[in-house]
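What follows is one structure encoded as structure tokens, with my remarks underneath.
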Amino acid sequence: MAGGLTSEFWIAAYLARLQGEGIFAHIAHKGDATAGAIAIKLATMDGKASLFTRTYDGDGARIWDCAKDSESERDVDEAIANQRRFDRDLWVIEVEDPKGRHLLDHEGLT
């Protein structure tokens with residue numbers, strides 16, 4: 001986590017930020033409180049969804065990468081289920097916003 005934050009702390013701050021913008025989100029699966037990886041599912045309420053995971057860019061900086069974009073929600077759910085089979089510590093956050101807002105591109109959330 002950026003700056004040594006635990007996964008649980010980052011998620012609490014992220015959910016509060018989303019709530020402050022009027023964006024509904026919830027924890028679909030709890031992972032390891034300290035260092036669990038985080039997957040963000042963005043459901044646009046039209047049967048489509050995107051999946052975001054953290055990775056590194058070419059310069060070694062942590063970024064949110066769209067692993068699946070505008071796929072059927074079922075496809076995104078299957079990708080998450082597959083990832084959870086290999087990583088029991090994975091957190092899954094589900095964001096529901098018809099406008100497609102996730103705030104992951106905002107400062108402080110990388």
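Note: hydrogens, waters and symmetry copies are ignored here, and every other heavy atom, side chains too, is used.
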Between Tyr14 and His102, which heavy-atom pair has the shortest distance, and what is it? OH-O, 2.6 Å

Minimal heavy-atom distance between Leu42 and Gly100, with the atoms involved, is CD2-O, 3.3 Å

Least distance between heavy atoms, Glu71 atom then Val76 atom: CB-CG2, 3.9 Å

Under the side-chain hydrogen bond (donor to acceptor under 3.5 Å, both in side chains) test, which residues partner Thr53, sequence neighbours left out? none

If you measure from NZ on Lys68 to CG on Asp77, what distance do you get to the nearest 0.5 Å? 11.5 Å

Heavy-atom pair with the smallest gap, counting every atom of Ser50 and Cys66: CB-SG, 4.2 Å

Do any N or O atoms from the side chain of Trp91 and from the backbone of Asp32 form a donor-acceptor pair under 3.5 angstrom? yes

Taking atom CG of Asp89 and atom NE2 of His29, what is their separation to the nearest 0.5 Å? 9.0 Å

When you group the ILVMFWY residues by side-chain heavy-atom contacts below 4.5 Å and let the links chain together, are Ile27 and Val92 in the same group? no

Between Glu21 and Leu103, the two heavy atoms sitting closest are CG-CD1, 3.8 Å

Please name all residues satisfying side-chain hydrogen bond (donor to acceptor under 3.5 Å, both in side chains) with Ser72, sequence neighbours left out, ordered by chain then number. Asp75

Can you list everything that forms a ring pair (Phe, Tyr, Trp, His ring centres under 6.0 Å) with Phe24? Sequence neighbours excluded, please. His26

Taking all atoms of both residues into account, what is the closest heavy-atom pair of Ser7 and Ala35, and its distance? OG-C, 3.5 Å

At what distance, to the nearest 0.5 angstrom, does CD1 of Ile93 lie from CH2 of Trp10? 7.5 Å

Same cluster for Ile40 and Leu90 if Ile/Leu/Val/Met/Phe/Trp/Tyr side chains link at under 4.5 Å? no

Hey, could you give me the CZ/CD1 distance between Arg101 and Ile23, rounded to the nearest 0.5 Å? 4.0 Å

Separation between CD1 (Ile38) and CG (Leu104), nearest 0.5 Å, reads 9.5 Å

Do Lys41 and Glu73 sit within salt-bridge range, that is, some charged N less than 4.0 Å from a carboxylate O? yes

Kindly say whether Lys48 contributes a backbone atom to a donor-acceptor pair with the side chain of Asp46 at under 3.5 angstrom? yes

Rounded at 0.5 Å granularity, tell me how far CZ in Phe52 sits from CG in Asp69. 6.5 Å

